[in-house]
Amino acid sequence: MTDSISTIRREALGALERIGDSDALSAWRAQYLGRRGAVGKLFAQIGSLPKTERAAFGQGVNALQQELDRAHEEHRALMESQVMARDLEEGEIDISLPAYPRRRGALHPSTQTHREFQTIWADMGFQVYQSRDVEEDDLNFTLLNLPPHHPARDMQDTFYTTDPKVLLRTHTSPGQIRAMRDLGDGGTKPIRVILPGMCYRQEQVTARSEIQFTQVEGLAIGRNIRMSDLKGTIAEFAKRMYSPNAKVRYRASYFPFTEPSMEVDVECFLCGGEGCRVCKYTGWLEIAGSGMVHPTVLRNGGYDPSEWSGFAFGMGPERITMLKHGIQDIRYFWSNDLRFLRQF
Ligand code: PHE
């Protein structure tokens, strides 16, 4: 019996060496390793052997199967490399040809800016808090100190769903309430977050305004947070984001959810404050709305405004993305035109 193992082994390896094309190789494989092949027949014999011989014979057949498998694989690789060598010799493969260029994907320019923002704010201790796009009217307006019929609701034309209490957020500020309620632990813990995301307004679409755009909201709540903290924090951000000697200025403004409120400008980094087309010859670019969190908003977030205070800001990253890449028209951002997207 062990005879037949070594006979088959010799026969199979000998035949394999002479094989030069893949049809013959497949036939060899079927003959020895196939379901009805020689090795399979050896396995079938095991049952008819005396008990004492079965184990040794089985091991022998197993070893044979593995060896033939390996030999088959090696021979296949050898044949392949011979074919390649022949093609090379006959000039069928021109190894001096340049390779096909690989098309690499890239991040959307807006995503790139958001990542820059997030890195800077993370370095300054702000954690990213993801809030939702589809929001309740209460959070988008009422709890931010904009009760129904408040005239300031008209500042933002809103997309409502079929449920008049549910809308697409018009700004990232409703995330302030969610973050306070979620992370504030019943108004007992300080928080420092940024809330990036898409916002929606029902507006005339033009080169400068879209019905969707992104914002980055910032919120810091603590026991002794003052306006100087807001000013210092934003000035530091501007230095890291725009230029190491970026100048900022603050203009009094109005938002229902902050008091006092300020608009933040950074000195135009294109003209260095001289005045150019981009800054409309003012020397300044508006970068954020901001202010001290209104006591009513603190209360709605679960904080006692006699003990806690905070600042908030909202920035629009599209502007800086457009300036950075010389994008003339905001409509390119979300139209998914590959001719635009492939440039980044
Ligand atoms: N939510 C305001 C807007 O969209 C910006 C803002 C955020 C202002 C936070 C003050 C504080 O215009």
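Worth knowing before you read on, the calculation uses all heavy atoms, side chains too, and leaves out hydrogens, waters and symmetry mates. Order of listing sets the numbers, starting from 1, for every ligand and every atom in it.
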Short N or O distance, S173 and ligand 1, threshold 3.5 Å exclusive: yes
Any N/O pair Q215/ligand 1 closer than 3.5 Å: yes
Nearest-0.5 Å distance, CZ of residue R54 to CG of residue L49: 7.0 Å
Note: R331-E210 ion pair, threshold 4.0 Å (strictly below): no
Side-chain ion pair, D69 and R29, N-O less than 4.0 Å: yes
Nitrogen or oxygen atoms of T170 and ligand 1 under 3.5 Å apart: no
Where ligand 1 meets E217 - atom numbers and elements under 4.0 angstrom, heavy-atom basis: 7 (C), 9 (C)
Side chain, backbone, both or neither: the part of M262 lying under 4.0 Å from ligand 1 by heavy atom: neither
F313 contact mode with ligand 1 (heavy-atom cut-off under 4.0 Å): backbone
Numbering as shown, the atoms of ligand 1 that approach G314 to under 4.0 Å (heavy-atom distance): 6 (C), 7 (C), 9 (C)
Structural part of S290 in contact with ligand 1, heavy atom criterion under 4.0 angstrom: backbone
Between F340 and Y332, ring centroids under 6.0 Å: yes
Min N/O separation T258 to ligand 1 under 3.5 Å: no
Ion pair E217/R169, N-O distance below 4.0 Å: no
salt_bridge(R76, E73) N-O dist < 4.0 Å: yes
Modelled atom types, side-chain donor and acceptor of Y242 and E267, under 3.5 Å: no
Ligand 1 contact by R201, heavy-atom criterion under 4.0 angstrom: yes
